[in-house]
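Remember, it's a predicted structure, so these values are computed and weren't measured experimentally. Letters A, B, ... are given to chains in the order of the sequence lines, protein chains preceding strands, and every chain is numbered from 1.
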Amino acid sequence: MIKVDHLAKRYADVYAVDDISFEVNQGEILGLLGPNGAGKTTTMRILTCYMPATSGTATVAGYDVFRDSINVRKQIGYLPENVPLYPEMRVKEYLSFRAKLKKLPYRERKTKIDECLEKCRITDVQNQIIGTLSKGYRQRVGLADTLVHDPKILILDEPTIGLDPNQIRQVRQLIKELGEKHTILLSTHILPEVEMICGRVIIINKGKIVAMDTPSNLATQLRSGNNIMIEVRGNGEKIKNSLSAIKGVKKVVWHDRGELNNFTIEAERGMDIREDVFANIVKNNGIIREMKQASITLEEIFHQITMQEQEVTI
Amino acid sequence: MTSIGTIFQREINAYFLSPVAYVIIAVFTVFSGYFFSIMLGITQESTLRYSLAYTQFILSILTPVITMRLLAEENKTGTIEPLMTAPVTDFEVVFGKFLSAWALYNIMIAPTALYIIFLAWVGSPDYGAIIASYIGLILMGGLFISIGLLVSAVTKNQIVAAVIGIVALLILLVIGLASSGNEGWFYNALKYIGTYDHWDTFTKGIVDTRDVIYYVSFTALLIFIVVRIVESRRWR
C-alpha cells in the first residue's frame with residue numbers, strides 16, 4: 001500500500017531522512033520507531049504530501065506523492081503530532097467540516113460522522129467546544145477525523161504522546177481495532193507500544209533505517225548473549241566454581257543469600273547450556289528452585305542499536 | 001471547487017464565534033459615523049463623498065485586523081498541516097479564506113447604508129455617485145484584504161501580521177495622497193500605485209474601467225502570490 005524508495009529529505013546541510021526504502025503491505029500495522037529527531041515526522045509529512053522529498057520517490061495506494069498528491073490525500077487519514085485542531089469549533093461541527101473537505105457525499109456524511117464518534121468513544125462530547133476538551137479527548141477527535149472518509153491507509157504520528165496511562169491503553173486498543181480494516185503506519189518512541197500493536201517495526205535513527213523486522217524476530221536476532229537466572233539451595237562456592245567450568249559459559253555472577261544462592265549466567269551466543277547447568281548443580285548436591293531464561297526486550301534492542309550507532313559516529 | 005465554499009463557511013463561522021467580527025464592526029461603525037456627522041456639519045451637502053475620504057483611513061487600520069488570523073493562526077497552531085493534507089488545493093484554501101474576509105468586510109460596511117437613508121431624509125443625494133462609491137469601496141476592500149492575507153501568509157504571529165498590514169496600507173494611502181495634484185512621470189507612477197486617486201474617482205461618481213482594472217488586477221496578483229507562498233513549503 002505504501003512504497004518508499006530511496007527517499008531523502010535535506011534541511012540546509014542536514015539530512016533529516018537519508019535514503020530510506022521500505023514497504024507497508026495491505027492490512028499491516030507498521031511501527032516507525034526511533035528517538036526524537038530521527039526523521040519519523042519528516043517521513044510521514046512526505047507520505048502525506050505536506051512536504052516534498054529532496055530525492056527518491058514514494059507511492060501511496062499506487063499514487064505518487066508528488067505528482068498525484070490530491071489522489072494520495074484522498075486515500076489517507078493523517079493524524080499529525082500533537083493533533084492540531086480548531087479550538088473554537090464544536091466536535092461534531094469540526095468533523096462535519098473535515099468530512100466536507102474530504103469530499104464525503106452529503107448523504108453519507110451524517111451516518112459516517114456518527115459512526116466515527118461512536119468508534120472513538122466521543123459521542124458524549126460531540127457538542128462540546130474543542131478548546132475545552134482534555135488531551136485524551138482531543139486525541140480521539142483527531143483520530144475520528146482521520147477515519148471520517150474511511151481511508152484505506154492511516155498515518156498516525158505519535159498517537160499516544162501526552163496521554164495518561166489509561167488513555168494510552170484506550171487509544172492503543174482503538175488502533176488495534178482499526179488495524180483490522182485499515183493499513184496503518186504509526187510512529188512512536190515508546191517501545192512497549194510497538195511490541196503491543198505493530199506487526200512489523202522499522203527502527204530509524206538519524207534519518208537511516210537501522211533495523212526492520214517483526215518485534216519478536218528483532219529480539220532473537222539481536223540477542224547478543226543469553227542470560228540464565230537461577231536460584232539454588234546448596235553450597236554456593238562449590239556450585240559457582242562448577243558452573244564456571246561449563247563449556248560456553250562466559251560469566252557467572254553470584255549473589256550469596258545464605259542458604260539460597262542466586263546466579264546469573266551469561267552464555268555465549270547461540271549456546272543452550274540449561275541442561276548442563278542442571279546436571280552440574282545436581283552433581284554438587286544443589287537444589288534448583290528456579291531457572292529462567294532472561295529474554296531481551298525491545299527496549300534493550302532499541303537502546304543497543306541506537307547506542308551502537310552513536311559509538312560509531314563518535 | 002466545492003472546497004472553497006467549505007473553507008469559506010468555516011472561516012465566517014470562526015469570525016463570528018470569536019469577538020473579532022463584533023469588535024471590528026462596532027469600531028468601524030463608531031468612526032465612520034463620527035466622520036459622517038462631522039463632514040455633514042461642515043459641508044452641509046447631502047453626499048457621502050467627504051466622509052468616505054476619511055473612511056479609507058479607518059479601513060486601512062481595520063482590514064489588517066480582519067485578515068491577520070487567516071493564515072498566521074493556522075501556521076502557529078499547526079492546523080495548516082491537517083488542512084493541507086486534506087484533498088484540497090492551495091488555491092481553494094487561499095481563495096476561500098479571501099472570500100470569507102471580504103464577506104466580513106462587506107458586512108462591516110453595510111451599516112453605512114443607514115447614512116443614505118438619513119441623507120435622503122434631509123436632502124436629495126446623488127444616488128449614482130453613492131452606488132459608484134460603494135462599488136469602489138467593495139473593490140478596495142478586496143485589495144486591502146489580499147494585502148493583509150499576503151502578510152498573514154508569511155508570519156506565524158498575528159500581531160506582526162496586523163502591524164505590517166496596517167503599515168503597508170497606510171504607505172499605499174500616503175503615496176497616493178502625497179502625489180495627488182503633482183505632475184510628472186514619477187508622481188504619475190506613485191499616483192497609479194497608491195490607492196487614493198483610484199478611490200477618489202469612485203467617490204466622484206465615476207466608475208472608470210482603469211480604476212476597476214487597477215483594483216481587480218492588483219488583487220488577483222496578490223492572491224496568486226499568496227497561493228505561491230502557501231505552496232512554497234513544498235519546495236523548502
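The number of heavy-atom neighbours closer than 6.0 Å to OH of B/Y134, taken from other residues, nucleotides and ligands shown, is above 12. More than 12 heavy atoms of other residues, nucleotides or ligands sit less than 6.0 Å from atom CD of A/E177. Heavy atoms of other residues, nucleotides or ligands lying less than 6.0 angstrom from CZ of B/F35 number more than 12. By the 6.0 Å contact criterion, CZ on B/F16 is enclosed, its count of non-hydrogen atoms from other residues, nucleotides or ligands being greater than 12. Residue B/Y192 qualifies as enclosed at atom OH: its count of foreign heavy atoms under 6.0 Å is above 12. By the neighbour-count criterion of 12 heavy atoms within 6.0 Å, atom NZ of A/K119 is densely surrounded, having more than that number from other residues, nucleotides or ligands. Within 6.0 Å of NZ in A/K110 there are 12 or fewer heavy atoms belonging to other residues, nucleotides or ligands.
Atoms CG and CD, on A/L79 and B/E81 in that order, are 10.0 Å from each other to the nearest 0.5 Å. A distance of 8.5 Å separates CD of A/E93 from CD of B/Q9, quoted to the nearest 0.5 Å.
Side chain of A/K103 to backbone of B/P87: a donor-acceptor contact under 3.5 angstrom is found. Of the possible polar contacts, one joining the A/R73 side chain to the B/A86 backbone as a donor-acceptor pair under 3.5 Å is found.
The interface of residues 40-48 of chain A with chain B, defined by heavy-atom distances below 4.5 Å, comprises A/R45, A/T48.
Both the backbone and the side chain of B/T85 have a heavy atom closer than 4.5 Å to some heavy atom of chain A. Contact of A/Y86 with chain B is made through backbone and side chain together, with heavy-atom distances under 4.5 Å. With a 4.5 Å cut-off on non-hydrogen atoms, A/Q75 does not touch chain B at all.
With respect to chain B, the highest number of heavy-atom pairs below 4.5 Å among A/N71, A/L85, A/V72, A/I70 belongs to A/I70. For the options A/R98, A/K102, A/M89, heavy-atom pairs under 4.5 Å to chain B are most numerous at A/R98.
The two atoms that bring A/P84 and B/G78 nearest to each other are CG-O, 3.2 Å, heavy atoms only.
For the 3.5 Å distance criterion, the side chains of A/K100 and B/S3 fail to qualify, holding no donor opposite an acceptor.
Contact annotation: the side chain of A/L101 approaches that of B/I7 to within less than 4.5 Å [non-hydrogen atoms, C-beta and beyond].
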